[in-house]
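Input: a single structure, listed below in structure tokens.
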Amino acid sequence: MTSFLLRRLLQAVGVVLAMTLLVFIGVYAVGDPVEILISPEADQQERERAIQALGLDLPLWRQYLVFLGHALHGDLGRSFVFNEPALQLILQRMPATLELAFGATLVALILGLPLGLYAGLKPNALPSRAIMAGSILGFSLPTFWVGLMLIMVFAVQLGWLPSTGRGETRSLFGMRWSFLTLDGLAHMAMPMFSLALSRIGLVIRLTRSGVRENMVMDYVKFARAKGLSPRRIVFVHIFRNILIPVVTVMGLELGSTIAFSVVTETVFAWPGMGKLIIDSINVLDRPVIVAYLMMIVLMFITINLLVDLSYSLLDPRVRLESRE
Amino acid sequence: MGRYGKAVATAAMTALLLPSLAAAQGTGQSLTIAVGAPVTSLDPHYHQLSPNNAVADMIFDGLVNRDAHDRNRPGLAIEWHAVDPTTWEFKLRPDVRFHNGNAFTAEDVAFTLARVPRVPNSPSSFALYTRPIQAVEIVDEHTIRLKTAVPYPLMPTDIANLRIIDKETAENATTEDFNAGRAAQGTGPWRVLEHRNGDRIEFARNDNYWGGPPAFARVTYRMITNDATRTAALLAGDVDFIDQVPTADLARLRREPRVTLSQAVGLRIIFLGLDFSRGGATPFITDNDGKPIEPNPLKDVRVRRALSVAIDRGAIVERVMEGAATPSGQFLPEGSFGYVPDLAAPRPDPNQAKRLLAEAGFPQGFRITLHSPNDRYINDARIAQAIGQMWTRIGLRTQVEAQTWPTFIARAARQELSAWLIGWGSSGGEASNPLRNLVATVNRDKGWGASNRGRYSNPAMDALLDRAMVELDDPTREGLLRDATRLAMEDVGIIPLHIQTNIWAMRRGLQHEARADELTRAQDIHPAAAGADSRPATAPDARPAR
């Protein structure tokens, strides 16, 4: 177990280093942050001052070494745009993104699992066909279009839900959360659903195919022969087995929901990390881009680790390392 | 199943409760504004950026403020004049207090002027406006003198960019203290209640504002960057007022009875820059076989004129911009200081363009690539495509390459392009600003030509500009600026296209004084006078000369 964790940790350090190097080279190749940030009226002297103030007068390799030196002391640099520590900016925005991502995953599981189970158990029933057709739509509709349509229908035409923003928030652990107030929940409803839509489709498909596969397995036949109730067979034996692919996929999807819900956050003016990163990329705010991607890489590594660990809970045959 | 049912019922109930909430927010004493560009800081001296300046105008005042037409108006100074050629004197407004109750005095002005060039990590500082000041002399509590090395007519215009802060509060304050609202103590019409970075700023009315208290008790200033969402939020009644109305939504919003629009001719010119830096071949012009052309055809004024008269500016304004622009043949709109009355937008004339090309030795035309950003100016890439077609019509095989702004501007700054579409907003509404920045010969010591990416150079025009920059007599200076503008335009130093119209939209029942400088400020919004609801709150387009 320890050596497994240690190996994972080393991998993580390697991936983070490679990623930071890529971002530095990438931003350098795209353009010059000063050209974008500086007022067009600034004259040559002012431009030189700004380049120096942001530390962009050094050669790229020295900028990178300076960054690494500071990073070792836990300082990921200050945002060029906001003049605040990059990490602090990201952490400020994190609760908004987290509640949306977890909300969307929850919705996807709550709706997806029962529907998929039904479609798997009664593959030829008419409702099952409708569910499967619907899941294809869920996959293929572009998020940004779905978001705008939701706003047009539920906010502009019907006036049921607020169009944008987080609404009223309440503090918990020193952070602001929308899901703790009714107004906040109403603001969350549309972005959460639009983010969940493709995941619902995914869960339905995974669950259905899992059920179909397992129904014909020997252990199910044996359980039937033993005289177990169909309810117990489905909800205890089959359910546990189909959860393995669902957990893997939803784990990774959770990661990408947190990291890349850019479109949904922009459409609903949801002040989360996704909106921060896209704004930062637009102005080449390198410290924020680097800090954000470092955090995302670490998050993916952690999620992968958790997914691996959960396998061993769900399926006793899976061992984290061979015991030869 | 019972549990899900309950959850659904709760959600439905929540939904039913909401319209009343939203409606309550829209009326009465509070106002919700949604802007398209994020505000990055509440520190008025940290980043020279329009959205930040708009919010700074709500919290602070300058010695000189700017009215809707961008003309200088008394702010915290009630009067100013040059006591001798190199000394400006400002008489300060008495009995003004900061939000925290501190009295405003000349000490605060001196402190502000000293702080401006020393804001750490500033990505674009205001230091260029304090640089001409050699010495600051406090005459008495309400009189301050600024000394310059040479006569400096632009002092009041420059000083209008600097918002005055409270010395006591800001002495040890960092940009973060301003962002947190603690240090954001100004003399302006609004006090900061709360600032959530990139999301919203909450303001309360300053009841003791020297200019009279504004119309609303509370203002929520939200940032909604997506155009379609911003319009939808207005239609849904979640916000009362939006800026940067997309031209695609204009026709629909004009028909919408719940919405009123306001508009003003702006100060942003969209133009084409051309490569003057190369005597030999320029990279994106080749002959019809793809071979480089030497010398650079753009050095020939006949070719530049042909490129200009080939463009049908009226068609671009009407079809691409949906009318939200004015065709232009110079930097500034009518009524600005230095506007040349008899310099009209060139009339489209493809035949003349072909003739000019033939005279210049290109009867068969050539191939050219026009570069453009695709996410910076209103409809930028579509304008470039329209121009591409117009140039093709006169025999130039034109390719249009539209890129995202960071990539585009980096290439333009490295002088990699031959012809490109770009814009310029003239702050101060004064012709020396675009002349110095866009067409004056590049000169680091004078700070000229910093945005002259084509390296245009015209010594005769430079000489006129030199004289204008030290001329304190306004009519004489305006004459010099007009002559300089005429020289640059007749020589086609840039190809002006149109001046953008700034458009705002609001729920019916509000009135807005639309600004030429694009700034969205809550103090410009009022409840409409009774019976005036249906009249669009349009500022007069004609701009009286100052």
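Chain identifiers are assigned alphabetically (A, B, ...) following the order of the sequence lines, protein sequences preceding nucleic acid strands; residue numbering begins at 1 within each chain.
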Inset, instruction - Against chain A, label B/R222 side chain, backbone, both or neither, depending on which of its atoms sit under 4.5 Å from a heavy atom there. - result: side chain

Inset, instruction - Identify which part of A/Q157 has an atom lying under 4.5 Å from any heavy atom of chain B, answering side chain, backbone, both or neither. - result: neither

Inset, instruction - Could you tell me which portion of B/N121 (side chain, backbone, both or neither) has an atom closer than 4.5 angstrom to a non-hydrogen atom of chain A? - result: both

Inset, instruction - Rounded to the nearest 0.5 Å, what's the gap from NE2 on B/H371 to CG on B/L417? Could you check? - result: 5.0 Å

Legend entry - Pick from A/E46, A/R78, A/R47, A/Q52 with the largest number of heavy-atom pairs that fall under 4.5 Å of chain B: A/E46

Inset, instruction - With a 4.5 Å cut-off on heavy-atom pairs, point out which of A/V283, A/V267, A/D32, A/I151 contacts chain B the most. - result: A/V267

Inset, instruction - Go through the atoms of B/P434 and report whether side chain, backbone, both or neither lie under 4.5 Å from a heavy atom of chain A. - result: neither

Legend entry - Among the listed options A/G31, A/S39, A/P271, the residue most often paired with chain B at heavy-atom distances under 4.5 Å: A/S39

Inset, instruction - Let me know if B/R196 has heavy atoms under 4.5 Å from chain A in its side chain, its backbone, both or neither. - result: side chain

Legend entry - Largest heavy-atom contact set with chain B, pairs under 4.5 Å, which of A/R49, A/E84, A/E48: A/R49

Legend entry - Student check: side-chain heavy atoms of B/V239 and B/T32 closer than 4.5 Å: yes

Inset, instruction - For the pair B/D243 (side chain) and B/G36 (backbone), establish whether a donor and an acceptor sit closer than 3.5 Å, ignoring hydrogens and angles. - result: yes

Legend entry - Which atoms of A/A155 approach chain B - backbone, side chain, both or neither, heavy atom under 4.5 Å: both

Legend entry - B/R200 side-chain N/O to B/Y221 backbone N/O, donor-acceptor pair under 3.5 Å: no

Inset, instruction - Before giving the answer on salt bridge (Lys or Arg N to Asp or Glu O under 4.0 Å), spell out for B/E194 and A/R176 the whole-Å C-alpha distance, their side-chain angles and the decisive distance to 0.1 Å. - result: CA-CA 14 Å; B/E194 196 189 357; A/R176 295 165 185 286; 2.7 Å; yes

Inset, instruction - For each of B/G447, B/P117, B/S427, B/S125, tally heavy-atom pairs with chain A at distances under 4.5 Å, and name the one with the top tally. - result: B/S125

Inset, instruction - Could you check if a side-chain atom of A/E265 sits within less than 4.5 angstrom of a side-chain atom of A/P191, using non-hydrogen atoms only? - result: no

Inset, instruction - Verify, without hydrogens or angle tests, whether B/T404 (side chain) and B/T407 (backbone) share a donor-acceptor contact under 3.5 angstrom. - result: no

Inset, instruction - Hey, can you tell me if A/F179 and A/W177 have their rings parallel, tilted or perpendicular (30° and 60° cut-offs)? - result: perpendicular

Legend entry - Residue, of A/K275, A/M152, A/R166, A/E35, that accumulates the most heavy atom pairs under 4.5 Å with chain B: A/E35

For residues 39-46 of chain B, which side-chain donor-acceptor pairs fall under 3.5 Å, sequence neighbours excluded?
unit_1 : atom_1 : unit_2 : atom_2 : d
B/T40  : OG1    : B/N52  : OD1    : 3.4
B/T40  : OG1    : B/N52  : ND2    : 2.9
B/S41  : OG     : B/D43  : N      : 3.0
B/S41  : OG     : B/N179 : OD1    : 2.8
B/D43  : OD1    : B/H45  : N      : 2.9
B/D43  : OD1    : B/R115 : NH1    : 2.9
B/D43  : OD2    : B/R115 : NH2    : 2.8
B/D43  : OD2    : B/T175 : OG1    : 2.9
B/H45  : ND1    : B/R115 : NH1    : 3.1
B/H45  : NE2    : B/R163 : O      : 2.7
B/Y46  : OH     : A/F80  : O      : 3.0
B/Y46  : OH     : A/V81  : O      : 3.3
B/Y46  : OH     : A/N83  : N      : 3.2

Inset, instruction - Could you check which of B/D445, B/D227, B/I409 has the highest count of heavy-atom pairs closer than 4.5 Å to chain A? - result: B/I409

Inset, instruction - Indicate the atoms forming the closest heavy-atom contact of A/S79 with A/D285, along with that distance. - result: OG-OD2, 2.6 Å

Legend entry - Toward chain A, the part of B/F408 with a non-hydrogen atom under 4.5 Å: neither

Legend entry - Parallel, tilted or perpendicular: ring planes of B/W405 versus B/Y377, cut at 30 and 60 degrees: perpendicular

Legend entry - Side chain B/D177, main chain B/T174, donor-acceptor under 3.5 Å: yes

Legend entry - Any donor-acceptor N/O pair, B/R455 side chain to B/T441 backbone, under 3.5 Å: no

Legend entry - Side-chain heavy atoms of B/T231 within contact of B/P246, under 4.5 Å: yes

Inset, instruction - Among the options B/R131, B/H47, B/M223, B/Q48, pick out the one with the most heavy-atom pairs lying under 4.5 Å from chain A. - result: B/R131

Legend entry - Those residues of residues 85-100 of chain A, ordered by number, that approach chain B below 4.5 Å (heavy atom to heavy atom): A/P85, A/Q88, A/L89, A/Q92, A/R93

Inset, instruction - With a 4.5 angstrom heavy-atom cut-off, could you sort out which part of B/W424 is near chain A: side chain, backbone, both or neither? - result: side chain

Inset, instruction - Could you look at B/R411 and say if it's the side chain, the backbone, both or neither that has a heavy atom under 4.5 Å from chain A? - result: neither

